[in-house]
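This report refers to the structure that appears directly beneath it.
Side chains included, hydrogens not; waters and symmetry mates left out as well; all remaining heavy atoms used.
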Amino acid sequence: MVNNVVSELQNARVLNKEAALKMKLEGTLAEAVTFIERNQITDVGLWQKCVQIFRDHVDGVDSWKTTWRGEFWGKMMRGASMVVKYTQDDGMYRILEAAVRDLLTTADEHGRISGYPVESEFTRWDLWGRKYVMLGMMYFMEISRDEALNAEMVAAMRRHADYILEHVGEGKLDIRTCSKHWEGMNSCSILEPMVRLYRLTGEKRYLEFAEYIISTGFIQSANIIELAFADEVTPHEYPVVKAYEMMSCFEGLLQYYYVTGNEKYKTALLNFGRRIMEGELSIIGCSGCTHELFDHTAVRQTQTDYEGIVQETCVTVTWMKFAMAMLELSGDVAYADHIERSYYNAYVGAFNTHRVARIESSKEGIPQVLPFDSYSPLVSDTRGRKVGGYNIFEDKTYYGCCACIGAAGAGTFPQVALMKSEKGLVFNLYEQGSIETLTPTGKALSIRMDTAYPYNGRVQLTLSLEEPEAFELTFRVPAWCENATLTVGGKTERVPAGYVTRAAAWKNGDTVLLELPMAVKRVLPPEGAVNADIFAAYTYGPLVMAADKRITDPDAVLDIAVDEKGYAASREVYCPEIRDAHLCLEVSLVSGEKVRLIDYASAGKTWTEESRCAAWLYRRATEN
């Protein structure tokens, strides 16, 4: 198709996400994919409006109305391509192909595909938008069925990139000054598609431009790569702390490492990822409790005196994608644990399943129903408080950054669920469904997964293969689980949290039973957290349980009775007031009163005070 110049290092990763030939999961992922298909991928008019941006070249004219609209097409195309890669749906594929062909017609005489006119290019969010133009095409190429179209896309991307190289770089425009935002970090994130373009074409100039970007350290006031490598400060202590853009830059650094094998950059990546896991994630699996910033989220997540927006969906999805890449690189099971938490809580919770239409009163535009909420509450608050990345189209409708990125979260899940190791398969995530894959020797293997996970911890796998073959099956036992058991060949044994591998000469009809006991467990804020003495959260397996005002007041003291190990007795009950709740549990307070909690992802869905909700619950009255 195109030249493949990927370093052999890429084939030596600990895990490989391209494991399943075909997968059909029937639980939360099926619901998410169906919702995304109906509310975004099939919206042909939306695709056309996003393409029109590159014909009109009016971005950057107004202060906020049209500044970053150039990201919309590529961000949606990346996520939609990931979804269609999973579903293999012909109709959805044709819609995406048409959107790609439409985009290719917008290249100007310079080869630019940009929403900015030439006279104001390389300012604000121009390079950020151009980055997403390239990424959108690159991800579509992973599912493309047309070799001629692939060649056309590569040619367009080369012209698009070459124009940038003519104007930005050593002795030209400093890429860090191509945006007044975040010291140019957003512009530097074009590193990822530049490395990918080098891998597609073998043209050294793209690798050299990537090396130039890396030499800048991503910002003007410091070298963030060196800070990560030295590992003396955490991300919230860097001079610039914008979470989404920073992770995007490190995604590009990872691609560069795969090409060059420079161990320094691998060390920086591993340090950066570990630091995020240690201090920058909340109970629901997102980062940022002061706007959209790395801010030592672990200790700030119980704050009550900040009235701004928190826990951005763009950060959730970017973290899930970055964690997937780091899982693939390192094989560290902790990344899979965090992806699971982010997916089932922050991510699924962001779906606008009630299809609430809204508009920010301070801005003009027509009310819209966006598929995703942009921000998620942790302490008592409402959903739907603000549209992240709000920008207006010419017809006065609008869209936003979090709405565009959302599909990539669903696209990430199946790639993480099953991965390849050197000697077999690795199961990271569990949902009801079927998988078609290959054994290490290349023979057909079908797997049926029977489970009600994440609402029940019993997971049974049934294998179908033509003849016996020896290989390894590895299962993730989540960090939250105690007393897990694994049954293979009729033998049951206790297994610890982490990866558990069993090698056998597997034959047709073999079953494996993984039991992950679930119970309501109290989680206290980490040491040093603000208001640590007045809050507690309660989990049930991978799920965070929440108070929703429709059934339980999130502003009341809800001190749940727990035993010496922190576990609470509970029973599943029907919740007629919230019929779309995935799980409702009745628990007892220390006072003896019974209250009901629902899974966090189902809470707050009216986006009004009616469903005010909280993940962190009061365990004692606050002092006024």
N-O pairing of [X] and [Y] below 4.0 Å:
X      : Y      : value
Lys321 : Glu251 : yes
Arg38  : Asp43  : no
Arg112 : Glu121 : yes
Lys85  : Glu18  : yes
Asp146 : Arg101 : yes

Kindly assign one of parallel, tilted or perpendicular to the pair [X] and [Y], based on the angle between their ring planes and the thresholds 30° and 60°.
X      : Y      : value
Phe35  : Phe372 : perpendicular
His582 : Tyr455 : parallel
Trp125 : His181 : parallel
Trp128 : Tyr244 : perpendicular

- Item | Shortest non-hydrogen separation from Ala615 to Ile283 and the atoms involved | CB-CG2, 4.2 Å
- With sequence neighbours left out, what residues match Thr42 under side-chain hydrogen bond (donor to acceptor under 3.5 Å, both in side chains)?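 Partners of Thr42 under the side-chain hydrogen bond (donor to acceptor under 3.5 Å, both in side chains) test: none.
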Going by atom types only, do [X] and [Y] share a side-chain donor-acceptor pair under 3.5 Å?
X      : Y      : answer
Ser189 : Ser248 : no
His354 : Asp580 : yes
Thr105 : Arg55  : yes

- Query: What about Phe122 and His167, are their ring centers closer than 6.0 Å?
  - Reply: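 When the ring centroids of Phe122 and His167 are compared, they turn out to be within the sub-6.0 Å range.
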- Query: Using the benzene-type ring in the case of Trp, are the ring centres of Tyr198 and Tyr256 under 6.0 Å apart?
  - Reply: no
- Query: Taking the six-membered ring of Phe218, is the NZ or CZ of Arg176 close enough (under 6.0 Å from the centre) and on axis enough (within 45°)?
  - Reply: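 Not satisfied by the 6.0 Å and 45° rule.
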- Item | NZ or CZ of Arg383 within 45° of Tyr600 ring axis and under 6.0 Å | yes
- Query: Could you walk me through whether Lys17 and Glu328 pass the salt bridge (charged side-chain N to carboxylate O under 4.0 Å, His left out) check?
  - Reply: CA-CA 7 Å; Lys17 65 179 180 293; Glu328 190 178 7; 3.5 Å; yes
